[in-house]
Amino acid sequence: MLIYEAFNDTLKRYNISGKALAQVAGVSESLVSQFRWGEKGITDEMLDNLLLAIQKIAPGSRRYFCSLVAGEPIETAGWENVLSEISAEEIPELLMAIARCWKSVDHPSIYVTSALMQLPR
């Protein structure tokens, strides 16, 4: 799998918009769009910056991306396994992701499930 394909798959899996990613990474939406669709390459430094940003938005997303690039996609695990793998540094990010999900939906339990699906697998 090409890097831009793995990147785009990761954004889709974790429901990360190009706009949100651009804001967190401090880059233009155009750059994100062009890279995610394979229209423009980026530097190693820029890729690292984008991966740090997707990790801030959706904990576990960077790990998922790396697994795709390595050709070893992470298999789905039960919530207990997923939660046991999360680091202390990722807990506040997870809680913020759950809060954002909870705030913006009529059926919070569905969105909490969505937030949990964003955890590292």
Side-chain angles (χ1 to χ4, degrees):
M1 175 175 286
L2 298 173
I3 290 176
Y4 79 86
E5 293 172 328
F7 188 78
N8 196 35
D9 284 358
T10 302
L11 294 183
K12 287 179 184 178
R13 177 180 176 101
Y14 288 89
N15 198 27
I16 300 171
S17 72
K19 181 177 183 175
L21 178 58
Q23 288 175 339
V24 172
V27 299
S28 71
E29 288 181 55
S30 174
L31 180 126
V32 172
S33 178
Q34 290 173 341
F35 173 61
R36 81 182 283 189
W37 299 110
E39 297 168 0
K40 183 176 183 178
I42 59 173
T43 65
D44 292 344
E45 184 178 335
M46 181 56 65
L47 178 60
D48 188 48
N49 186 31
L50 291 173
L51 293 177
L52 289 172
I54 66 170
Q55 182 66 18
K56 282 183 182 179
I57 295 169
S61 57
R62 181 175 53 188
R63 181 174 175 222
Y64 179 77
F65 166 82
C66 292
S67 76
L68 291 178
V69 172
E72 300 173 2
I74 300 170
E75 295 182 21
T76 304
W79 288 355
E80 295 82 13
N81 292 337
V82 170
L83 290 173
S84 70
E85 293 179 14
I86 196 167
S87 71
E89 293 80 25
E90 291 175 315
I91 291 172
E93 294 174 26
L94 169 64
L95 293 174
M96 289 302 296
I98 291 172
R100 284 190 302 272
C101 294
W102 191 279
K103 179 180 174 184
S104 62
V105 84
D106 293 333
H107 304 287
S109 63
I110 294 170
Y111 227 167
V112 169
T113 299
S114 172
L116 287 171
M117 295 301 293
Q118 294 180 17
L119 290 173
R121 300 182 196 253

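Note that the structure is predicted; figures quoted are calculated from it, not measured. This chain uses plain numbering: 1 for the first residue, then up along the sequence.
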Open item on the list: Which heavy atom of Leu21 sits nearest to which heavy atom of Ile57, and what is that distance?
Closed with: CA-CD1, 3.8 Å
Task: Closest approach of Ala53 to Val24 (non-hydrogen atoms, all atoms of both residues) - done: CB-CG1, 3.7 Å
Open item on the list: Closer than 3.5 angstrom, by distance alone: can the side chain of Ser33 be matched with the main-chain N or O of Ser30 as a donor-acceptor pair?
Closed with: no
Open item on the list: For Tyr4, does the six-membered ring have the charged nitrogen or CZ of Arg36 within the cation-pi criterion, i.e. under 6.0 angstrom from the centroid and within 45° of the normal?
Closed with: no
Open item on the list: Can you tell me how far apart CG (Asp9) and CZ (Phe65) are? Round to the nearest 0.5 Å.
Closed with: 10.0 Å
Open item on the list: Within the supplied structure, the quantity of interest is the number of heavy atoms (other residues, nucleotides, ligands) at a distance under 6.0 Å from Ile42 CD1; does it exceed 12?
Closed with: yes
Task: Min side-chain heavy-atom separation Met1-Val69 under 4.5 Å - done: no
Open item on the list: Check whether Thr10 reaches the backbone of Ala6 with its side chain - one donor and one acceptor, N or O, closer than 3.5 Å.
Closed with: yes
Open item on the list: Please give me the minimum heavy-atom distance between Ala58 and Ile16, naming the atom from each residue.
Closed with: CB-CD1, 4.0 Å
Open item on the list: Keeping Gln23 on the side-chain end and Ala20 on the backbone end, is there a donor-acceptor pair under 3.5 Å?
Closed with: no
TODO: Starting at CD of Glu90, measure out to NZ of Lys56 and round the result to the nearest 0.5 Å.
DONE: 13.5 Å
- [ ] Using a 4.5 Å cut-off on heavy atoms from C-beta on, say whether the side chain of Leu52 contacts that of Arg62.
- [x] yes
Open item on the list: Is it the case that over 12 heavy atoms from other parts of the model lie below 6.0 angstrom from the CD atom of Glu39?
Closed with: yes
Task: Residues Glu93 and Gln55: side-chain donor-acceptor under 3.5 angstrom - done: no
TODO: Calculate, to the nearest 0.5 Å, the distance between atoms CE and CG belonging to Met46 and Leu51 respectively.
DONE: 11.5 Å
Open item on the list: When you compare the side chain of Phe7 with that of Leu68, does any pair of heavy atoms fall below 4.5 Å?
Closed with: no
Open item on the list: Ignoring hydrogens, what is the shortest heavy-atom contact between Asn49 and Ala25? Give both atom names and the distance.
Closed with: ND2-O, 3.1 Å
Task: Nearest atoms (heavy-atom pairs only) where Ser61 meets Ile54 - done: OG-O, 2.8 Å
TODO: Keeping the roles fixed (side chain from Asn8, backbone from Trp37), state whether a donor-acceptor pair exists under 3.5 Å.
DONE: no
